[in-house]
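Numbers restart at 1 for each chain; the letters A, B, ... are given by sequence-line order, proteins then strands. Just so you know, these numbers come straight off a predicted model, no measurement behind them.
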2 protein chains.
Amino acid sequence: MNTQATGDGTVGKALDVLDIVVGFGRAVRFSEVLEVSPYPKATLHRMLGTLTNQGMLAYDDDRGVYVAGMRLVRIGRHAWNQSSLAVLGRPFAEALAEDIKETVHLAQMERGRVVFIDKVTPEGGFPTMARSGRRSPAHCTGVGKVMLAFMDDDRRAAAIEGQTWEAFTPKTHQGPETLLPELEEIRDVGLAYDREEHEQGIISMAAPIKGGGGRVIGSISIVTSVNRMSLDEIGKYRPALTRTAAQIGREGAVWPYPVVS
Amino acid sequence: MNTQATGDGTVGKALDVLDIVVGFGRAVRFSEVLEVSPYPKATLHRMLGTLTNQGMLAYDDDRGVYVAGMRLVRIGRHAWNQSSLAVLGRPFAEALAEDIKETVHLAQMERGRVVFIDKVTPEGGFPTMARSGRRSPAHCTGVGKVMLAFMDDDRRAAAIEGQTWEAFTPKTHQGPETLLPELEEIRDVGLAYDREEHEQGIISMAAPIKGGGGRVIGSISIVTSVNRMSLDEIGKYRPALTRTAAQIGREGAVWPYPVVS
DNA sequence: AAGCTGAGTTCCATTATTTGGAACACGCGA
DNA sequence: TCGCGTGTTCCAAATAATGGAACTCAGCTT
């Protein structure tokens, strides 16, 4: 119905505000939130008050800033323990990263956007900018494209509908016309590559993580820089990557948590 | 104003429901939530719908159950990265646990209740029931009492006001009359002991973690069973425990996140 | 196959809450 | 003291939440 993440009356707005505040990734002043939120001063003020009151945010009196609250930390941790692929995937991701000495990303999808669930950077691995909990577009990342390729048709349709098609580099897909054929190719090959589509000089190779019934529950990728390795060279890790993806998938065969499109 | 965690209109109710669902720790049926929530059928139904719609919960069509949603996982992870003592405390807690071969807990406080932030059980350590994200009362745990002892007077007053005084064992404090004197003692000694007050046979020794300005930002404890060790014996780890607490505190000297009382 | 039961969903007039423009308070530097 | 940028409070109008009751649907029983 509504493609917007917003909506749903008061609760939707409150969660929207929560998302904004936490998304800053640091303590924020009222006016900063006001600037980026679509709500009028009084409304936002009341919203922040409610969220603080509820323990989802905390207000630092001295500095006059809002930060994430303990209740959010607690509920979020609980949710993480239950629904995050990281809990069962981390050991395998760590083993892979250690084995090949390259950075490994673990991702899931939320409404057509990639959510980085975890990352492992081994000694000497390439330090990527991804941070767990961050979101990125799906159309320009290896982990995103591979999930799009293997998800249900209707979910994919909805996800593609919601893409922003922002052009991060000259190689970024700018619309379904070029993306859809690549997705088909990805389905054939069983892997997706990020050819500097999200960031100049950064490449990756991603495999889908399939739980019970072949349903995609996330994806895993090896990320590096073109200065360290070419796309061809990264290909030599293909067996290791697909093996790890399969291991995690086996572990998550009875995965009860749906990947939200 | 209101001591209840509930309140604050629609948003409060929605968060309440979210808390309930996630608190189950597993996929739940509508009727299960209905049973424990104070809301009428229609209201709860709408609430769950809204939360699902917002990505905070996810609904499994096949099984007809609700689980934590990806959006909650994402926001929660973000919050965790920012505000959890675990992020900076874990390495030290791990070192301590490895050193003494006993289980170590890391905790913070939310509205007078202890939230377990992280735990480390080394090879051969005593496996405790605490799980990160879980809550326990403050009046009967080492980590809780030590935070109560060292927090601001007004915060302590509010926190003590909110205690349930549930008697888990014969040794549990049943009211402020006996707890307050012990808190004073704890302040003197600089440590708190749990003398089988939460669970028969389980004891612990806890130290406060103090950030900048001596403000308590959490606590750390060594937990074991009376079958493994006596209260006296656990005391030999005192230097190690206080050293670790100090290390974490130094790391968190510029800790920007308030410990919500 | 009709009837029953329990779980989940929908309806809608009533009621309570949210809304946000505007006025107000506060701290701070000039 | 004035002015400015922030943050807070008010309150009548507008909107959204409420929940009892009726309904649907699947599975089970007689």
Side-chain angles (χ1 to χ4, degrees), chain A residues 1-2 4-24 26-69 256-258, chain B residues 1-2 4-22 24 26-69 256-258 260:
Chain A
M1 263 121 261
N2 74 58
Q4 284 291 90
T6 316
D8 284 313
T10 326
V11 176
K13 281 170 206 153
L15 293 176
D16 205 20
V17 171
L18 187 67
D19 223 326
I20 291 173
V21 172
V22 177
F24 268 89
R26 56 175 176 83
V28 277
R29 176 161 284 90
F30 175 84
S31 53
E32 296 181 278
V33 184
L34 182 60
E35 217 166 307
V36 296
S37 90
Y39 308 109
K41 230 189 197 184
T43 304
L44 180 66
H45 188 259
R46 188 165 6 88
M47 225 59 129
L48 287 169
T50 304
L51 288 168
T52 302
N53 210 310
Q54 290 290 324
M56 300 299 279
L57 294 177
Y59 183 70
D60 184 331
D61 262 322
D62 305 325
R63 307 194 296 144
V65 288
Y66 293 90
V67 294
Y257 307 107
Chain B
M1 260 120 261
N2 75 59
Q4 284 291 90
T6 316
D8 284 314
T10 325
V11 176
K13 281 170 207 154
L15 294 176
D16 207 18
V17 171
L18 187 67
D19 224 326
I20 290 173
V21 173
V22 176
F24 267 89
R26 57 176 175 83
V28 278
R29 190 173 304 301
F30 175 85
S31 53
E32 296 182 278
V33 184
L34 182 60
E35 217 166 307
V36 296
S37 90
Y39 308 109
K41 230 190 198 184
T43 305
L44 180 65
H45 188 259
R46 188 167 6 88
M47 224 59 129
L48 287 169
T50 305
L51 288 169
T52 302
N53 210 310
Q54 289 291 325
M56 300 300 278
L57 293 177
Y59 183 70
D60 185 329
D61 262 320
D62 305 326
R63 306 194 297 143
V65 289
Y66 293 90
V67 293
Y257 307 107
V260 183

Please tabulate, one pair per line, each protein N/O and nucleotide N/O from nucleotides 12-16 of chain C that are separated by under 3.5 Å, including the distance.
none

With the criterion being N/O to N/O and under 3.5 Å, what pairs connect the protein with nucleotides 5-9 of chain D, and how long is each?
{"from": "D:dG7", "atom 1": "OP1", "to": "A:R29", "atom 2": "NE", "distance (Å)": "3.4"}
{"from": "D:dG7", "atom 1": "OP2", "to": "A:S31", "atom 2": "N", "distance (Å)": "2.8"}
{"from": "D:dG7", "atom 1": "OP2", "to": "A:S31", "atom 2": "OG", "distance (Å)": "3.1"}
{"from": "D:dG7", "atom 1": "N7", "to": "A:K41", "atom 2": "NZ", "distance (Å)": "2.7"}
{"from": "D:dG7", "atom 1": "O6", "to": "A:K41", "atom 2": "NZ", "distance (Å)": "3.1"}
{"from": "D:dT8", "atom 1": "OP2", "to": "A:H45", "atom 2": "NE2", "distance (Å)": "2.7"}
{"from": "D:dT8", "atom 1": "O5'", "to": "A:H45", "atom 2": "NE2", "distance (Å)": "3.2"}

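Interatomic distance, B:L18 CG to B:M56 CE, rounded to the nearest 0.5 Å: 5.0 Å. How far CG of B:L15 is from OG1 of B:T10: 10.5 Å, rounded to the nearest 0.5 Å.
One can place CG of A:L44 at 15 Å from C1' of C:dG21, the figure rounded to the nearest angstrom. Residue A:D8 contributes atom CG, which lies 16 Å from atom C1' of D:dT18 at whole-angstrom precision. Summarising the geometry, the separation between CG on A:D61 and P on C:dG27 is reported as 12 Å, rounded to the nearest angstrom. Nucleotide D:dA16 holds its P atom 16 Å from the CE atom of B:M47, rounded to whole Å.
Within the structure, salt bridge (charged side-chain N to carboxylate O under 4.0 Å, His left out) pairs that include any residue of residues 30-44 of chain B comprise B:R26-B:E32 (at least two apart or interchain).
Closest approach of A:L51 to A:A14, counting heavy atoms only: CD1-O, 3.5 Å. Across all their heavy atoms, B:D62 and B:D60 have their closest contact at N-OD1, 3.0 Å. Taking every heavy atom of both residues into account, B:A27 and B:V65 meet most closely at CB-CG2, 3.6 Å.
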Side-chain atoms of residues 42-50 of chain A: list all donor-acceptor pairs with protein atoms under 3.5 Å, sequence neighbours left out, distances to 0.1 Å.
{"from": "A:T50", "atom 1": "OG1", "to": "A:R46", "atom 2": "O", "distance (Å)": "3.0"}

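Contact between the side-chain N/O atoms of B:K13 and the OP1/OP2 oxygens of D:dT18 is found at a separation under 4.0 Å. OP1 or OP2 of C:dG20 lies within a sub-4.0 Å distance of a side-chain N or O belonging to A:T43.
At its two ends the helix from C:dA1-D:dT30 to C:dA30-D:dT1 runs along axes set 20° apart, each axis drawn from five pairs and the angle rounded to 10°.
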- A:D16 vs A:Y39, side-chain contact (heavy atoms from CB on, under 4.5 Å): CA-CA, chis, key distance, verdict: CA-CA 10 Å; A:D16 205 20; A:Y39 308 109; 2.9 Å; yes
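Considering only residues two or more places apart in sequence or on other chains, B:F24 meets the ring pair (Phe, Tyr, Trp, His ring centres under 6.0 Å) condition with none of them. Taking the salt bridge (charged side-chain N to carboxylate O under 4.0 Å, His left out) definition, one finds that A:R29 meets it with nothing, sequence neighbours left out.
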